[in-house]
4 protein chains.
Amino acid sequence: MGSKERIAKLKSELRKDILCAALAILKNDGRQSLSLRKIADRIEYSPPVIYSYFKNKEAILIALCELCYQQFNGCIEKNCRKLTNPEERLTAIVTTCWNFAIEEKEMYDLMWEVGSTCTDPFTQFKELGLFLNFLSETLKNLCGKKVCTEEYLFHKSQTAIAVMHGHICLNYTLSNADPKLRSRMLNETILYVMNLINDYNLTSRELNNHY
Amino acid sequence: MGSKERIAKLKSELRKDILCAALAILKNDGRQSLSLRKIADRIEYSPPVIYSYFKNKEAILIALCELCYQQFNGCIEKNCRKLTNPEERLTAIVTTCWNFAIEEKEMYDLMWEVGSTCTDPFTQFKELGLFLNFLSETLKNLCGKKVCTEEYLFHKSQTAIAVMHGHICLNYTLSNADPKLRSRMLNETILYVMNLINDYNLTSRELNNHY
Amino acid sequence: MGSKERIAKLKSELRKDILCAALAILKNDGRQSLSLRKIADRIEYSPPVIYSYFKNKEAILIALCELCYQQFNGCIEKNCRKLTNPEERLTAIVTTCWNFAIEEKEMYDLMWEVGSTCTDPFTQFKELGLFLNFLSETLKNLCGKKVCTEEYLFHKSQTAIAVMHGHICLNYTLSNADPKLRSRMLNETILYVMNLINDYNLTSRELNNHY
Amino acid sequence: MGSKERIAKLKSELRKDILCAALAILKNDGRQSLSLRKIADRIEYSPPVIYSYFKNKEAILIALCELCYQQFNGCIEKNCRKLTNPEERLTAIVTTCWNFAIEEKEMYDLMWEVGSTCTDPFTQFKELGLFLNFLSETLKNLCGKKVCTEEYLFHKSQTAIAVMHGHICLNYTLSNADPKLRSRMLNETILYVMNLINDYNLTSRELNNHY
DNA sequence: CATGAATGAGAATTCATTCAT
DNA sequence: AATGAATGAATTCTCATTCAT
């Protein structure tokens with residue numbers, strides 16, 4: 001490896017360090033405590049270096065959000081890709097989302113916070129797009145032989161994300177709920193998401209004209 | 001009315017003034033601009049008076065959140081109480097939630113933000129409890145003659161809130177969606193919430209063992 | 001004096017202190033060094049206090065500029081008001097401007113800098129307006145029995161200010177000029193300003209149609 | 001051409017690039033935004049290279065000022081050299097100055113800002129010296145057969161510059177003035193400058209003893 | 001009871017300049 | 001000869017909170 005490459009790698013690594021530091025602060029101290037100064041302190045550099053790698057704080061948040069989506073998508077891939085049965089896979093997807101939201105609440109919240117400020121998060125964040133595709137593909141398999149349009153599948157996937165998100169937020173607020181209830185909520189969420197396809201048959205009269 | 005009462009009344013009114021000022025700032029300038037100094041400026045008192053009525057900023061946010069729930073519940077009551085047909089009423093409830101979230105985004109967001117930090121928002125916030133009861137009552141009527149436990153109805157109501165919230169958040173992120181899509185999303189949300197009861201029959205096998 | 005007044009006076013004095021500190025920094029360290037932090041250091045308060053008295057730095061500069069105009073107008077009044085002969089008075093006015101610009105270069109520069117950012121400095125700054133009136137009145141007397149419109153006099157006064165300013169700036173750039181030359185420049189400036197009225201007769205053909 | 005010369009030429013060109021970049025930033029983003037970092041970005045070199053060509057920022061400003069004088073003098077030469085009638089030429093000179101000050105305010109301001117910090121801008125900046133000569137030559141022609149000393153002509157030329165500058169600054173501050181007034185101000189400025197020579201006869205008594 | 005006054009801590013950002021390589 | 005990397009020192013400004021009065 002030439003010296004140029006080594007330097008480029010070092011440079012790229014400092015960028016990573018910044019994001020890792022930001023992520024660590026996010027996890028440990030919370031979203032509100034995430035300041036440029038703290039990031040600089042943690043990487044043991046002076047604050048201005050950050051501006052060599054990111055235009056401003058917003059750019060950091062977006063990149064951090066991307067990192068979160070990567071980690072999230074990594075979990076999904078790891079836990080669900082191997083499952084071939086569509087119902088099993090969908091179950092695993094919902095469960096993975098659910099657990100990620102609980103274990104990495106700060107990350108999960110940031111993903112929605114930043115996503116809300118973007119015009120089109122599903123295309124802006126590559127890994128979110130991949131997740132949407134994966135979900136869409138899974139739903140397609142769930143449909144079986146029935147033919148579905150791409151548009152329909154994407155829409156259903158987004159709806160699935162919405163339903164999961166709603167339950168996850170509810171779960172956040174019911175923080176003193178006992179584990180049993182939580183477990184039941186997760187099960188129900190799985191069912192609802194599953195039924196997004198199943199009940200397609202039931203409500204086809206209403207939805208039919210949209211597609 | 002003795003002077004003691006008059007003073008108590010004045011005191012109570014100043015408390016209201018503080019919250020109204022906070023609400024006005026929230027609506028006009030957004031969540032981030034909500035500072036004690038600005039509240040004090042608006043009520044034309046000095047910042048320290050606020051500490052006579054609220055322990056700290058967090059306490060204000062909680063009380064403000066209560067005010068938001070009151071306004072929200074007011075909308076619900078006004079738009080939906082009069083409707084006796086359960087399907088019509090439920091449709092009105094979902095629609096009212098949806099519109100409130102769009103028109104009063106700052107309030108809606110605060111309600112979930114603060115709600116997430118509380119241990120049990122459904123009991124802590126009286127008006128949220130009332131809304132839950134109202135929803136529960138509506139779902140009960142929707143069930144018709146079928147007998148449902150209170151617990152079941154509350155749970156379904158919370159689920160309905162979750163489903164609505166998920167769709168509302170999705171709607172936030174799809175900021176460049178056209179009005180048609182938005183209108184369809186609302187219709188679907190209504191259907192999903194309605195089906196929380198209808199599909200009870202369908203999925204009773206799975207859910208039955210919980211109750 | 002009641003305690004309320006005393007406090008109000010103290011408050012008003014701190015405002016003055018801030019401006020005096022700003023003025024001192026302006027004189028000693030120059031325009032570029034005039035920062036809020038330095039002002040705070042000098043009055044031995046913390047930086048945020050300044051925001052109790054001024055909205056932002058721009059507001060300080062405007063107020064400081066006002067102070068400069070006051071001091072400037074004070075010099076004019078002190079040196080020139082007593083002179084009744086219009087030629088003597090005009091001579092004194094130009095001389096006072098000239099010396100002020102030399103002795104208080106930083107103040108003089110600030111006056112033009114801030115003046116340039118205002119839409120109408122002659123009305124915004126009371127003392128500048130007073131100076132313009134005083135100049136106008138002096139030029140009127142210089143005209144003798146000839147009748148002049150107010151508009152004409154104000155215009156000529158502004159022109160006088162322009163001519164003086166031009167010479168003052170030239171004098172700034174000729175910093176290594178010997179005292180004799182400087183003294184001659186001042187004398188010429190006086191003559192040019194005086195001739196703004198005298199040559200009215202000469203150039204009346206050209207200017208006549210304007211009024 | 002040897003490699004030494006080629007290198008020298010390259011070096012000289014980079015110097016030009018730096019100044020051109022600085023000029024572009026000055027025009028587009030304004031005086032306050034003119035930073036070394038921005039210059040480096042624009043020439044696509046790293047900041048430290050600038051220090052190979054200029055001692056510090058001040059040195060850049062001086063060289064940039066020189067460039068401004070070149071452009072300014074270019075306008076003068078282009079617009080006025082061809083005119084042989086002295087009155088026409090003087091009119092063109094004043095008009096060109098006036099328009100340059102309006103159209104290239106940032107450059108014009110910088111020229112005076114830097115000029116004020118130099119000990120003798122008329123000799124330090126070659127093109128300013130050329131302009132002074134040109135003005136002087138024009139005034140000489142305006143004098144007709146009357147014999148004038150060089151010193152006298154230079155002095156009058158500087159005075160002309162002062163008078164123009166004064167009116168230009170006044171024009172800056174009267175930003176809400178209507179086009180008519182502005183146009184009249186320009187006409188008057190031309191008259192005043194013209195009269196610097198004409199009224200020589202009138203005020204010769206007073207000025208005579210200086211020469 | 002109410003508050004004016006004050007502040008410490010902290011925010012994002014920009015800049016000219018240096019230095020080892 | 002050129003630079004990537006880095007920084008110290010600034011900048012303006014906001015905020016929640018305290019305390020003597």
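Chain letters run A, B, ... following the sequence lines, proteins first and then strands; every chain starts at 1. Predicted, not measured: the structure shown is a model, and the values here were computed from it.
- Taking a cutoff of 4.0 Å between a charged side-chain nitrogen and a carboxylate oxygen, A:Glu113 and A:Arg31 qualify as a salt bridge.
- Side-chain N/O atoms of C:Arg37 include one lying less than 4.0 angstrom from OP1 or OP2 on F:dT11.
- You'll find that the side chain of C:Pro48 is closest to E:dG8, out of E:dA16, E:dA6, E:dG8.
- Computed from coordinates, the C:Ile60 CD1 to F:dT12 P distance equals 9 Å when rounded to whole Å.
- With a 4.5 Å cut-off on side-chain heavy atoms, B:Val114 and B:Glu66 do not count as touching.
- Taking atom CD of A:Gln32 as the reference point, atom P of F:dT14 lies 18 Å away to the nearest angstrom.
- When the nearest nucleotides of DNA chain E are assigned to C:Pro47 and A:Lys55 by heavy-atom distance, the more 5′-ward of the two goes with C:Pro47.
- Between B:Ile50 atom CD1 and E:dT3 atom P there is a gap of 11 Å when expressed in whole angstrom units.
- C:Ile39 places its CD1 atom 13 Å from the C1' atom of F:dT11, with the value rounded to the nearest Å.
- At the heavy-atom level, D:Leu34 lies under 4.0 Å from the strands shown only through sugar-phosphate atoms.
- Taking atom CD of D:Glu44 as the reference point, atom P of F:dG4 lies 12 Å away to the nearest angstrom.
- Rounded to whole angstrom, the span from the CG atom of D:Asp29 across to the P atom of E:dC15 amounts to 10 Å.
- Checking A:Lys57 against D:Lys38, the closest nucleotide of DNA chain E that is more toward the 5' end is the one next to A:Lys57.
- Side-chain nitrogen and oxygen atoms of A:Ser35 include at least one within less than 4.0 Å of the OP1 or OP2 phosphate oxygen of E:dA11.
- Partner of B:Tyr69 under the side-chain contact (heavy atoms from CB on, under 4.5 Å) criterion, out of B:Met111, B:Lys126, B:Gln124: B:Met111 alone.
- When the side-chain nitrogen and oxygen atoms of C:Tyr53 are compared with OP1 and OP2 of E:dA6, one or more of them lie within a distance under 4.0 Å.
- The pair A:Asp41-A:Arg37 does not count as a salt bridge, with every side-chain nitrogen at least 4.0 angstrom from each carboxylate oxygen.
- With rounding to whole Å, C:Ile25 atom CD1 is found 14 Å from F:dT11 atom C1'.
- Between B:Tyr51 and the phosphate of F:dT18, there is no side-chain N or O to OP1/OP2 separation shorter than 4.0 Å.
- The shortest distance between the side-chain N/O atoms of B:Tyr45 and the OP1/OP2 oxygens of E:dT3 is not below 4.0 Å.
- Checking E:dA5, F:dC13, F:dA16 against the side-chain heavy atoms of B:Leu36 singles out F:dA16 as nearest.
- Pairing partner, E:dT21: F:dA2, with both Watson-Crick or wobble hydrogen-bond distances short of 3.5 Å.
- When both distances must be under 3.5 Å, the Watson-Crick or G-U wobble mate of F:dA16 is E:dT7.
- Look at CG on C:Asp41: it is 12 Å from C1' on F:dA10, rounded to the nearest Å.
- For D:Tyr172, the OH atom sits in a packed shell: over 12 heavy atoms of surrounding residues, nucleotides or ligands are nearer than 6.0 Å.
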